[in-house]
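Letters A, B, ... are given to chains in the order of the sequence lines, protein chains preceding strands, and every chain is numbered from 1. Computed from a predicted model, the values in this text were never measured in an experiment.
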Amino acid sequence: MLEACRLVRNLFATAKAYRAQRWIAEHALVEDRYGLVRVVAGLDVAYKRGRHGEDVGVGVAVALSYPSLKPLACEALARVICVPYVPGLLAFREMAVLAPALARLLRRVSVDLVLVDGHGIAHPRRAGIATHVGVVFDIPSIGVAKKRLYGREKAVGDKTLLVDDGGRPIAMIIERGRSRIYVSPGHRISVESSARLVKTMLKRGRLPEPTRVADSLTKSLKRVVGEISCCDPVSLRTPQCGSNSRNIFSS
DNA sequence: GCGACAG
DNA sequence: ATCTTGTCGC
């Protein structure tokens with residue numbers, strides 16, 4: 001079983017991944033094509049080491065009301081991840097858990113916007129994980145990253161942007177004290193709107209609420225995930241959210 | 001050849 | 001991302 005994963009690892013073709021990303025980028029819309037925002041989803045993945053050295057990914061998709069930012073629903077699952085982390089190819093490693101989680105969340109709630117942990121078009125091929133999610137689901141998405149991957153900084157007025165080789169804006173840097181986050185469009189939204197919306201979701205800590213809650217849930221859930229031997233997704237019991245118990249999401 | 005390099 | 005000891009401060 002471990003050999004099977006090793007095989008997949010070796011077969012992973014960077015060239016084909018690049019082709020797929022060029023396709024994703026071609027289909028990404030960096031304009032404001034979203035409606036009234038009532039529900040925002042946060043996506044994140046955490047990892048734990050399996051008994052035999054495999055990576056087990058725990059993916060979470062949580063829906064929050066907007067602008068009140070109260071948890072409404074959450075879907076989570078875990079599975080063995082055979083794709084290695086390669087800078088620029090993060091989506092191929094995390095989509096395996098994020099896609100099923102988001103798909104199931106969308107079955108329960110009508111989501112207007114998705115915040116993904118990672119970059120959107122602030123990527124060497126304009127196809128960061130937030131763009132993958134946005135294009136694949138054809139849903140407005142924004143990438144929120146803690147570190148830069150691509151692009152050079154450029155001060156414009158009182159703001160700092162990230163621009164590509166052609167000088168085109170690809171992300172906005174939002175600074176809070178000594179820390180900063182990189183906000184870039186994933187799909188169906190502009191750089192300006194991405195930054196404006198994310199700012200309205202900054203509550204406590206460094207990340208916007210949907211991302212912070214997803215991150216918190218992901219870390220809590222991985223502690224209660226048992227051994228997973230196959231690559232098939234395993235559903236995770238999710239904390240009840242909404243009316244009565246939103247306390248679980250506090251931390 | 002030498003850095004840079006999301007999570 | 002994950003691992004991981006000690007330390008600073010409310």
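- Considering only side-chain atoms of A:Lys222, the nucleotide from B:dA6, C:dT2, B:dG7 that sits closest is C:dT2.
- As rounded to whole Å, 15 Å separates atom P of C:dA1 from atom CG of A:Leu43.
- Note: CZ (A:Phe92) to C1' (B:dG7) measures 15 Å, nearest angstrom.
- In terms of heavy-atom proximity, A:Pro208 sits nearest to A:Val144 at CD-CG1, 3.9 Å.
- Taking all atoms of both residues into account, the shortest heavy-atom contact from A:Thr131 to A:Gly186 is OG1-O, 3.2 Å.
- The residues A:Asp55 and A:Arg49 are annotated as salt-bridged, a charged nitrogen and a carboxylate oxygen being separated by less than 4.0 angstrom.
- In this structure, A:Arg93 atom CZ and B:dC5 atom C1' are separated by 15 Å, rounded to whole Å.
- Stacking annotation: A:Tyr47 is not stacked on the base of B:dG7 (requires ring centroids less than 5.5 angstrom apart and an interplanar angle below 30 degrees).
- With B:dA6, C:dA1, B:dA4 as the candidates, the nucleotide lying closest to the side chain of A:Arg148 is B:dA4.
- The closest side-chain heavy-atom distance from A:Leu162 to A:Tyr182 is below 4.5 Å.
- Atom-to-atom, CG of A:Asp117 to P of C:dA1 comes out at 7 Å; the value is rounded to the nearest Å.
- Between the CD1 atom of A:Ile129 and the C1' atom of C:dA1 there is a distance of 12 Å, given to the nearest Å.
- Considering only the side chain of A:Tyr85, B:dA6 comes nearest among B:dA6, B:dC5, C:dT2.
- Backbone-only contact: A:Ala46 has heavy atoms under 4.0 Å from sugar-phosphate atoms and none from a base.
- Put simply, OH on A:Tyr150 is 13 Å from C1' on B:dA4, counting in whole angstrom units.
- The distance between atom CG of A:Asp44 and atom C1' of B:dG7, rounded to the nearest whole Å, is 8 Å.
- A close approach under 4.0 Å does not occur between any side-chain nitrogen or oxygen of A:Lys146 and OP1 or OP2 of B:dA6.
- A:His27 approaches A:His187 most closely through the heavy-atom pair O-CE1, 3.4 Å.
- Note: NZ (A:Lys48) to C1' (C:dT2) measures 13 Å, nearest angstrom.
- Residue A:Gly57 is classed as having no contact, given no heavy-atom separation below 4.0 Å to the nucleic acid.
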